[in-house]
Chemist: 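The structure is given below, and queries will be raised subsequently.
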Amino acid sequence: MKRVIIVGAGVIGLLLAKRLARDGIDTTVYESKRRVSDNAAKASGIFSKDGLSRLDVGWRGALVTTLNGATIFAGGESFRVETAGDKAYVLERGKFVELCAKEACEAGAGIVLGKRLPKEQILEMKKDANNIIVGADGAVSMVASAVGFPPIGEHILTYKAEYEGAQVPDPHRVELFFSNKIAKRFFGWTVPYSRTKMEVGIGISSLSKKTSTAAFNEFLESTFIKNHISSAKKTAGYASIIPLNARKKTVIDNVLLVGDAAGQVKATTGGGIIFGAACAGVAAGAIIENVRNGAPLLSYEKMWRKRFGLDLKMHRMLHGYYSRMGDRGFAIAIKAAKLAGFEQFFSKYGDMDKPSLMMKRFFLRGMSK
Ligand SMILES: Cc1cc2nc3c(=O)[nH]c(=O)nc-3n(C[C@H](O)[C@H](O)[C@H](O)COP(=O)(O)OP(=O)(O)OC[C@H]3O[C@@H](n4cnc5c(N)ncnc54)[C@H](O)[C@@H]3O)c2cc1C
């Protein structure tokens, strides 16, 4: 009888475990931390409303605030997107992952906490053809390196901090900042939690010569951020990492990679949950077919690339394009986009997860004019 071993109890590993266990597949998740939430606060918790509704998790217990707009600042210009209703949510990541774990357990999956599977044990498990091993162990995947998956190449190094007593300009609006003056591929953000609590964060290329904390400290010096947090108290700060590319291979023999371990992340925003979860759904289908009918696990690779590969590539292309622009280039691009009516277009059709859908609408709109 086949069994599934998932390495990593992040959101993606847990969603996969729930789906498999619900279908009667023998599933165990191994997590190196003592609590599933121990790793979670390093990331932000912005999710599109549509994306979240597709996740099949009772997430409401983790809701912090709703979002209906974003302002992008670059090269001294700003670009404002405003939606008619709530477009996205901010969730508390620790609570969210706990909800995912609860649902995985209720579905019948086993979760072993405080157990870091060493490389040798993974390779030993791989030898048994009755085992299906899933690396859901994040951006620096030990499963991927142990089994010999192709590397990711470039990552985004992040630092985020939380502030209490802040001057939050709008509790339903995120702010994004771009400037290559601070570091290669630099972007910064603020996320509101309430009228007085907010998160400030930055990301830079792992190929940059700066550390993420140095870039963060520089970002704090900008007038925008200074105004927000001049009298605020920093309550937490975390460094982390986001993969910038999908791996060239995500299945080798009886081993699969999902989520950040596979690099299934939007390069534009670093958002990985909605894509990762959709890919985990594809992985679940392939695993169930393999256990029941002996179908090849390789169908996972083909299927997730077919369904989501184009959007991931578009995010990557977009990221590559704007991260090469200097501040002057940003200013010109923003001015031109405003003149062309893109603020209104994004406000109406903006889709955080599916730029391909947005482009399709753009071309249809253009033709109908
Ligand atoms: C600063 C920042 C902000 C972000 N903001 C957003 C956002 O707003 N929206 C969004 O959708 N995404 C966001 N992301 C990305 C998102 O957090 C990731 O895509 C998501 O967490 C990936 O989930 P995962 O389950 O694949 O991996 P992870 O969440 O990294 O979970 C991997 C788990 O595996 C465990 N593990 C690692 N190695 C081992 C081992 N050898 N044995 C056992 N366990 C192991 C880890 O402890 C961890 O619990 C952000 C990321 C960062 C860094």
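Remember, it's 1-based here, ligands and their atoms both numbered in the order they're listed. Quick note: numbers below take in every heavy atom, side chains included, and nothing from hydrogens, waters or symmetry partners.
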Chemist: Between Ala139 and ligand 1, find which residue part has any heavy-atom pair under 4.0 Å and reply side chain, backbone, both or neither.
Modeler: neither
Chemist: I'd like to check whether Val265 has a polar contact with ligand 1, where a contact means an N/O of the residue lying under 3.5 Å from an N/O of the ligand.
Modeler: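 By distance alone, the answer is no.
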Chemist: If we only count N/O pairs under 3.5 Å, is Gly272 in contact with ligand 1?
Modeler: yes
Chemist: Does ligand 1 have a heavy atom under 4.0 Å from the side chain of Met142, from its backbone, from both, or from neither?
Modeler: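 For Met142, only side-chain atoms sit under 4.0 Å from ligand 1.
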Chemist: Checking side-chain polar atoms at under 3.5 Å, does Arg3 have a donor or acceptor matched by the opposite partner on Asn131?
Modeler: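 Present: a donor and an acceptor within the cut-off.
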Chemist: Tell me the protein heavy atom at minimum distance from atom 38 (N) of ligand 1, and give that distance in Å.
Modeler: Asp137 CB, 3.5 Å
Chemist: One pair to check against side-chain contact (heavy atoms from CB on, under 4.5 Å): Thr65 and Ser194. What are the steps and the verdict?
Modeler: CA-CA 7 Å; Thr65 189; Ser194 69; over 6 Å; no
Chemist: Does the pair Asp23/Arg292 count as a salt bridge with the N-to-O cut at 4.0 Å?
Modeler: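 Yes, Asp23 and Arg292 are salt-bridged.
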Chemist: For ligand 1, find out whether one of its N or O atoms is nearer than 3.5 Å to an N or O atom of Asp260.
Modeler: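 It does: an N or O of Asp260 is found under 3.5 Å from an N or O of ligand 1.
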Chemist: Using a 4.0 Å heavy-atom threshold (strictly under), name the region of Phe47 that reaches ligand 1: side chain, backbone, both or neither.
Modeler: side chain
Chemist: Measure from atom 34 (O) of ligand 1 to every heavy atom in Gly135, Ala239, Gly8 and give the option owning the shortest one.
Modeler: Gly8
Chemist: Under 30°, 30 to 60°, or over 60°: which ring-plane class applies to Phe219 and Phe177, parallel, tilted or perpendicular?
Modeler: perpendicular
Chemist: Taking side chain to side chain contact (heavy atoms under 4.5 Å, CB included) as the criterion, tell me which of Asn227, Thr223, Ile229 meets it with Ile225.
Modeler: Ile229
Chemist: Of the backbone atoms (N, CA, C, O) and the side-chain heavy atoms from C-beta on, which set of Val11 has a member under 4.0 Å from an atom of ligand 1: side chain, backbone, both, or neither?
Modeler: backbone
Chemist: Relative to ligand 1, is Ile12 under 4.0 angstrom through side chain, backbone, both or neither, heavy atoms considered?
Modeler: both
Chemist: At under 4.0 Å between heavy atoms, which part of Arg93 makes contact with ligand 1: side chain, backbone, both or neither?
Modeler: side chain
Chemist: For Ala43 and ligand 1, does the shortest N/O to N/O distance drop below 3.5 Å?
Modeler: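 So ligand 1 has no N or O lying under 3.5 Å from an N or O of Ala43.
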Chemist: Just checking Lys2: does its NZ atom have more than 12 heavy atoms from other residues, nucleotides or ligands closer to it than 6.0 angstrom?
Modeler: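 More than 12 heavy atoms, drawn from other residues, nucleotides or ligands, come within 6.0 Å of this atom.
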Chemist: Out of Val7, Val191, Thr269, who gets a non-hydrogen atom closest to atom 40 (C) of ligand 1?
Modeler: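 Result: the heavy atom closest to atom 40 (C) of ligand 1 is in Val7.
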Chemist: Could you tell me whether Lys102 and Glu98 have a side-chain N and a carboxylate O separated by less than 4.0 Å?
Modeler: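 Looking at Lys102 and Glu98, the cut-off is not met.
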Chemist: Would you say ligand 1 has an N or O under 3.5 Å from any N or O of Gly259?
Modeler: no
Chemist: Could you say whether the N/O atoms of Thr158 and ligand 1 ever approach to under 3.5 Å?
Modeler: no
Chemist: Taking the basic N atoms (NZ, or NE/NH1/NH2) and the acidic carboxylate oxygens, is any pair closer than 4.0 Å for Glu162 and Lys160?
Modeler: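 Judged by the 4.0 Å cut-off on N to carboxylate O distance, Glu162 and Lys160 do form a salt bridge.
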Chemist: Within the supplied structure, the quantity of interest is the number of heavy atoms (other residues, nucleotides, ligands) at a distance under 6.0 Å from Glu154 CD; does it exceed 12?
Modeler: yes
Chemist: Which residue from Ser44, Ala41, Ala262 reaches closest to atom 6 (C) of ligand 1 through any of its heavy atoms?
Modeler: Ser44
Chemist: Of all the non-hydrogen atoms in the protein, which one sits nearest to atom 46 (C) of ligand 1, and at what distance?
Modeler: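 Closest protein heavy atom to atom 46 (C) of ligand 1: Glu31 OE2, 3.5 Å.
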Chemist: Go through it in stages, so that I can follow the logic: the residues are Glu106 and Lys18, the test is salt bridge (charged side-chain N to carboxylate O under 4.0 Å, His left out), and I'd like the CA-CA distance, side-chain angles, deciding distance and then a yes or no.
Modeler: CA-CA 8 Å; Glu106 283 167 0; Lys18 175 179 150 186; over 6 Å; no
Chemist: Taking both backbone and side-chain atoms of Ser240, is any N or O found less than 3.5 Å from an N or O belonging to ligand 1?
Modeler: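 Min N/O separation from ligand 1 is not below 3.5 Å for Ser240.
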